[in-house]
Amino acid sequence: MEPVRLVILGRQGSGKGTQCVRLVDALGPVHISTGDMLRAAVAEGTDLGLRAKALMDAGDLVPDDVMIGIVSERLAKPDVVEHGFLLDGFPRTPAQAEALEEILGGTDSVRAVNLVVPADEATARMLDRGRDDDTEEAIRRRLDLYETSTAPLLAWFGDHGLLSVVDGLGTEDEVFERLRSAIEGVPA
Ligand code: AMP
């Protein structure tokens with residue numbers, strides 16, 4: 001089986017985290033979460049971590065050239081070359097998407113899935129988990145920001161014919177089967 005090359009998009013509260021774990025189990029790619037990589041760098045106090053921390057705390061994006069450098073190094077590692085990848089949190093901007101295309105030498109066999117959950121359902125799920133920063137106001141701001149920043153990215157993947165839209169409502173199993181069908185090109 002060819003290694004899978006996947007990009008997953010989905011707002012907070014879409015169930016993306018849970019489904020990433022299941023996709024990795026079922027399809028074997030390496031999960032590359034740029035948010036996790038940056039948080040690890042912050043925890044270790046590396047140069048990257050020091051640069052990234054203030055931006056992350058402010059909810060701003062880390063500059064494209066920094067992110068592209070990190071991801072291109074990671075994609076070159078033998079585990080990724082052998083098993084493929086599930087990119088989570090990258091690309092975040094059209095410039096990052098173009099860089100990904102360049103790094104991979106094209107977009108052959110890349111699939112992007114957008115896991116869609118309506119804003120009111122995503123809000124309810126976040127309020128349910130009851131984290132301190134999950135006030136209704138903060139949630140609304142994060143969801144709005146996601147919408148604005150992701151719209152051009154969805155257009156980019158759509159224009160390249162790589163995008164599948166997957167309904168994120170239903171049980172974990174139902175959503176997982178839809179994702180798998182979208183990725184494997186089988187109708188759900
Ligand atoms: P996440 O866990 O994906 O929400 O990422 C947490 C934070 O890391 C974001 O708010 C950004 O500050 C930063 N970050 C993660 N991925 C990227 C990216 N691809 N481009 C720029 N900043 C990123």
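These numbers come from a predicted model, not from an experiment. First listed ligand is number 1; within each ligand, the first listed atom is number 1.
A salt bridge links Glu121 with Arg125: the distance from a Lys NZ or Arg NE/NH1/NH2 to an Asp or Glu carboxylate oxygen falls below 4.0 Å. Salt bridge Asp57/Lys53: present, at least one basic N to carboxylate O contact under 4.0 Å. Between Arg39 and Asp36 there is a salt bridge, since a side-chain N of the basic residue sits under 4.0 Å from a carboxylate O of the acidic one. Taking 4.0 Å as the cut-off between side-chain N and carboxylate O, Asp134 and Arg142 count as a salt-bridged pair. Using a cutoff of 4.0 Å between basic side-chain nitrogens and carboxylate oxygens, Asp173 and Arg22 are scored as salt-bridged.
Enumerated by chain and number, the residues approaching ligand 1 to less than 4.0 Å through a heavy atom are Thr34, Gly35, Leu38, Arg39, Met56, Asp60, Leu61, Val62, Met67, Gly89, Phe90, Arg92, Gln96.
Pairing each heavy atom of His83 with each of Gly28, the nearest pair is CB-O, 3.4 Å.
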